[in-house]
Amino acid sequence: LENSDISDGSACVVVQDSFGNFFIPFLTQHYQYVYAVDYRYYQGSIPQLVSDTGASDVILNPSPMNFSDVSAADWFYSDVRYCWQRYLMTGVSDTRFDPQGPTNRAMIWTVIARLAGRDTSGGSNWYERGQIWAKNKGITDGTAPLADVTREQLVTMLWRFKGSPYVNIDNLGQFKDAAEVSGWAVQPVRWAVANGLLNGASGSLIPQGRATRAEVAAILARFCQNVG
């Protein structure tokens, strides 16, 4: 959208859903150009769009986060909001996020595909597009899509997404359950600890414990902020 009454070249990018349509008219009063992107369907790169348009501001998901089970006092509030604003995670309903609920493997494939800028809509079921993409990229073998994802499985998929970087340091000795990390997950978990994705709880990594939705939101937010 362009406001012909403004000629200073100012521009912003709005990452929005349908709610944002009500918000955009207010922005056109302050910017010459407003670029609206529905992240659910946009297949391009937001940083590239910002660069190409010369936008000075990026406004993330102006929709209110109305989850009755997520409070500003919760340790995971900022992480859930981070993922919500970027359309990486949504609620189990319009009013519930279910922070202590499990997350299945298919959801992680879908989220990582979205991080890569892939369109995950369509397919024979909600996760097929993400499953095919993640399998083709070597991120997963594509099995057991509805099985709960464990903490070590989650960071392993993120590690593979980043090209399986080698970590030449044993940083797991500080955790009392380090021996419970599966052999195939040692490098990914070392990488996750080195990059602040896994901090442990009460001196334990709990590598084979299921990753709750709150934990997934936290690890994803740290991944985006610390690793990119």
Side-chain angles (χ1 to χ4, degrees), residues 1-68 70 72 76-97 107-123 125-134 136-137 139 158 161-163 213 216-228:
L1 299 177
E2 179 179 0
N3 183 348
S4 58
D5 293 329
I6 299 177
S7 57
D8 58 3
S10 57
C12 73
V13 170
V14 184
V15 182
Q16 51 126 62
D17 56 17
S18 56
F19 177 86
N21 294 331
F22 298 96
F23 184 67
I24 288 174
F26 295 98
L27 295 174
T28 58
Q29 300 173 30
H30 303 282
Y31 296 91
Q32 182 176 354
Y33 302 102
V34 175
Y35 300 92
V37 172
D38 190 324
Y39 206 76
R40 296 169 297 177
Y41 310 110
Y42 185 66
Q43 299 184 47
S45 165
I46 298 297
Q48 187 61 53
L49 177 63
V50 172
S51 176
D52 291 344
T53 59
S56 59
D57 297 300
V58 178
I59 300 170
L60 299 172
N61 193 359
S63 302
M65 191 175 75
N66 294 322
F67 298 134
S68 61
V70 177
F76 48 81
Y77 175 83
S78 61
D79 300 316
V80 171
R81 182 166 181 77
Y82 184 96
C83 292
W84 160 261
Q85 287 184 317
R86 290 157 178 80
Y87 297 96
L88 297 177
M89 297 181 72
T90 59
V92 297
S93 73
D94 290 341
T95 57
R96 291 184 62 246
F97 184 77
M107 181 60 197
I108 303 304
W109 304 336
T110 302
V111 168
I112 296 177
R114 290 173 183 166
L115 279 174
R118 307 303 299 177
D119 179 11
T120 59
S121 60
N125 53 51
W126 64 268
Y127 60 80
E128 183 184 48
R129 296 287 294 276
Q131 179 186 38
I132 292 173
W133 177 87
N136 288 340
K137 291 295 183 180
I139 292 170
L158 291 171
F161 175 50
K162 292 304 292 184
R213 286 173 53 82
V216 169
I219 290 172
L220 287 173
R222 293 168 191 164
F223 173 80
C224 293
Q225 294 165 339
N226 299 350
V227 182

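- Nearest heavy atoms, Val111 versus Leu88: CG2-O, 3.2 Å.
- Contact annotation: the side chain of Ile112 approaches that of Trp133 to within less than 4.5 Å [non-hydrogen atoms, C-beta and beyond].
- Between Val58 and Cys12 there is no side-chain heavy-atom pair separated by less than 4.5 Å.
- Not counting sequence neighbours, the partners of Phe97 by the ring pair (Phe, Tyr, Trp, His ring centres under 6.0 Å) test are Phe67.
- Residues meeting the side-chain hydrogen bond (donor to acceptor under 3.5 Å, both in side chains) test with Asp57, sequence neighbours left out: Tyr31.
- Counting heavy atoms from C-beta outward, Asn3 and His30 have side chains that stay 4.5 Å or more apart.
- Looking only at distances, no side-chain donor or acceptor of Asp79 sits under 3.5 Å from a matching main-chain atom of Ala221.
- The distance from atom NZ of Lys162 to atom CG of Leu115, rounded to the nearest 0.5 Å, is 9.5 Å.
- Under the side-chain contact (heavy atoms from CB on, under 4.5 Å) criterion, Ile132 pairs with Glu128, Asn136, not counting sequence neighbours.
- Side-chain N or O atoms of Ser10 include one that pairs as donor or acceptor with a backbone N or O of Gln32 at under 3.5 Å.
- Contacts of Asn66 classified as side-chain hydrogen bond (donor to acceptor under 3.5 Å, both in side chains), with partners at least two apart in sequence or in another chain: none.
- Ring geometry for Tyr127 versus Trp109: interplanar angle over 60°, hence perpendicular rather than tilted (30 to 60°).
- Applying the salt bridge (charged side-chain N to carboxylate O under 4.0 Å, His left out) definition to pairs two or more places apart or across chains, none involves residues 4-13.
- Remark: side-chain polar atoms of Arg129 are not paired, donor with acceptor, to backbone N or O of Gly123 under 3.5 angstrom.
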- Query: Are Val80 and Met89 close enough, and set up right, to give a side-chain contact (heavy atoms from CB on, under 4.5 Å), and what steps lead you there?
  - Reply: CA-CA 8 Å; Val80 171; Met89 297 181 72; over 6 Å; no
List the steps and the verdict of side-chain contact (heavy atoms from CB on, under 4.5 Å) for Leu158 and Leu220.
CA-CA 9 Å; Leu158 291 171; Leu220 287 173; 4.2 Å; yes
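- Of all heavy-atom pairs spanning Val70 and Met65, the tightest one is CG1-CE, 4.2 Å.
- Distance check: Phe76 CZ to Arg213 CZ gives 11.0 Å after rounding to the nearest 0.5 Å.
- Evaluation of the side-chain contact (heavy atoms from CB on, under 4.5 Å) rule for Thr90 yields no partner, not counting sequence neighbours.
- With rounding to the nearest 0.5 Å, the separation of OG in Ser68 from CG in Asp94 is 11.0 Å.
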